[in-house]
Amino acid sequence: MKILHTADWHIGKKLHKHYLHTDFELFINWLLKTTEDEKIELLLISGDVFDLANPSAEARRQYYLALKKLSILNCKIIITGGNHDSPTMLDAPREILEALNVHIIGGLPQDLKDCIIPVSNKQGETELVVAAIPFLRDSDIRSAETGVTYDNRIEAIRKGMEATFAQAADMCKQKYSDLPAIAMGHLYAAGIEASESERDIQIGNQAAFQASQFGDYFSYVALGHIHKPQRVSASIPTFYSGSPLPLSFSERSDEKRVLILDTRTDFEPQSLSIPNFRKLHKISGTLENIKAKLSNLTPQGELTDLIEVELIEDDFDAHVLAQLDESVTSFDTPGLEIVKHRASFKNRLQETGKLFESHIHLEDLKPQEVFQKMLEQNSYDTEIKARVTQAFQEILEEIHTADQP
């Protein structure tokens, strides 16, 4: 049997207010062709189907349309919920989707046996079993106790996660002892490399799951949550497939992929790269550096390339900030779009309250005195200082006039 492992679709994701609906459509079209070409019989989606617990109508439409298209290929689909997903929302259409050969475990059921799913091949023979474990919430795995400290809570979560996978393994062993078993999970495994776009789970990832806690019964563990594809160091093949799309600029250099297993050989997956539909660029440096890099940038993706700009200067300068804003606003190159810009300064300005000696209180000072202290921190030339001072005086006069009856 050929199996495809993917995760972290994050349907409805916005990258700096830029929706990735089109990116997802292109991925699904590629996945459909790959599923057909590779003769995939089982598709595993290990959590975070949606980016939000209450996804938009467009995100839901994309989800159901994708499942409808995939079901036509006579491929069984098993989906587990992630920390971004609403278990109730995912589970709601379960009975209807089962008619399309789609099995969903949105949240941990009351009876863990409901997570144990036998999978038949095209000849109708049960060939393997999947322990489809969704994201385990605190309430799923830790009983309420009084006087529980932070450290005790972390340890209880770890033990609860370990017990869940151990119990699932025992159930597979008891009922399907002659069949290989695969586990699905959505969690943070210790020792892996994360990116900016993962939302912390289980108390800031402090309850990181140790690879040894998966045990040695399962033939393969299909993980989700971490968007960078990677292998977890464990005694059994344990992998994060990663997200199919870059979901933050920190992932711009990641090679996105799906993993394909062929049980006729072994459970070591083969990596299949996903096309890069949209290039992400991060440009940083001084104002002049940024202007030069932007002028030399050319579109590389099938979709509009997105750009993140970071100005890095030694000293704060409002004039330079205004020039940066102007450069971003006037940037108009087909196939390229700046979606975020920010500035940082190596020599940070002191907070206003620290500009004066300790015995001087801000409330005892005139606005002009505070303004002059702030102005002294900037490296403006004489002309700009004069213009800024005049502007401040005009604003101050307007305020005083407005306050009068």
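Residue numbers start at 1 and run along the sequence shown.
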Shortest non-hydrogen contact from [X] to [Y]?
{"X": "Asp325", "Y": "His341", "value": "OD1-NE2, 2.9 Å"}
{"X": "Leu336", "Y": "Leu297", "value": "CD1-O, 3.5 Å"}
{"X": "Arg137", "Y": "Asp85", "value": "NH2-O, 3.0 Å"}
{"X": "Gly285", "Y": "Ile290", "value": "O-CD1, 3.5 Å"}
{"X": "Leu20", "Y": "Pro246", "value": "CD1-O, 4.1 Å"}
{"X": "Ser295", "Y": "Ala292", "value": "OG-O, 2.7 Å"}

Are [X] and [Y] packed together at the side-chain level, in the sense that at least one heavy-atom pair is separated by less than 4.5 angstrom?
{"X": "Ile96", "Y": "Tyr64", "value": "no"}
{"X": "Cys115", "Y": "Leu108", "value": "yes"}
{"X": "Leu136", "Y": "Ile133", "value": "yes"}
{"X": "Phe218", "Y": "Thr238", "value": "no"}
{"X": "Ile3", "Y": "Leu128", "value": "yes"}
{"X": "Leu259", "Y": "Ser271", "value": "yes"}
{"X": "Asp23", "Y": "Leu15", "value": "no"}

Donor-acceptor pair, side chain of [X] and main chain of [Y], under 3.5 angstrom:
{"X": "Lys69", "Y": "Leu32", "result": "no"}
{"X": "Arg94", "Y": "Ile104", "result": "yes"}
{"X": "Glu58", "Y": "Ser56", "result": "no"}
{"X": "Ser46", "Y": "Ala222", "result": "yes"}
{"X": "Arg60", "Y": "Ala57", "result": "no"}
{"X": "Ser235", "Y": "Asp216", "result": "no"}
{"X": "Asp48", "Y": "Asn83", "result": "yes"}
{"X": "Tyr240", "Y": "Ala189", "result": "yes"}
{"X": "Glu251", "Y": "Leu247", "result": "yes"}
{"X": "Glu36", "Y": "Leu73", "result": "no"}

Parallel, tilted or perpendicular: ring planes of [X] versus [Y], cut at 30 and 60 degrees:
{"X": "Phe27", "Y": "Phe24", "result": "tilted"}
{"X": "His225", "Y": "His186", "result": "perpendicular"}
{"X": "Phe165", "Y": "Phe214", "result": "perpendicular"}

side-chain contact (heavy atoms from CB on, under 4.5 Å) between Met184 and Ile78, intermediate numbers included: CA-CA 9 Å; Met184 299 172 69; Ile78 300 178; 3.7 Å; yes
From CA spacing to verdict: side-chain contact (heavy atoms from CB on, under 4.5 Å), Ser241, Val258: CA-CA 6 Å; Ser241 66; Val258 296; 5.9 Å; no
Counting neighbours of [atom1] on [X] that are heavy atoms of other residues, nucleotides or ligands and sit closer than 6.0 Å, is the number greater than 12?
{"X": "Gln270", "atom1": "CD", "result": "no"}
{"X": "Gln123", "atom1": "CD", "result": "yes"}
{"X": "Asn74", "atom1": "CG", "result": "no"}
{"X": "Glu268", "atom1": "CD", "result": "yes"}
{"X": "Ile72", "atom1": "CD1", "result": "yes"}
{"X": "His18", "atom1": "NE2", "result": "yes"}

Option from Asp37, Thr35, Asn29 for which side chain to side chain donor-acceptor pair (under 3.5 Å) with Lys33 holds: Asp37
Arg61/Glu25 under salt bridge (Lys or Arg N to Asp or Glu O under 4.0 Å): CA gap, chis, key distance, verdict: CA-CA 11 Å; Arg61 185 195 70 83; Glu25 292 284 0; 3.3 Å; yes
Option among Leu306, Asp305, Ile307 that satisfies the side-chain contact (heavy atoms from CB on, under 4.5 Å) test with Leu280: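 Only match with Leu280 under side-chain contact (heavy atoms from CB on, under 4.5 Å): Leu306.
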Among Glu308, Lys282, Glu310, side-chain contact (heavy atoms from CB on, under 4.5 Å) partner for Lys340: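 So, applying the side-chain contact (heavy atoms from CB on, under 4.5 Å) to Lys340 and each of Glu308, Lys282, Glu310, only Glu308 qualifies.
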Evaluation steps, side-chain contact (heavy atoms from CB on, under 4.5 Å), between His227 and His10: CA-CA 10 Å; His227 299 164; His10 287 270; 3.2 Å; yes
Salt-bridge contact Asp111-Lys113 (side-chain N to carboxylate O under 4.0 Å):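 Result for this pair is no, no salt bridge flagged.
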Leu294 vs Ile338, side-chain contact (heavy atoms from CB on, under 4.5 Å): CA-CA, chis, key distance, verdict: CA-CA 10 Å; Leu294 286 175; Ile338 299 176; 4.1 Å; yes
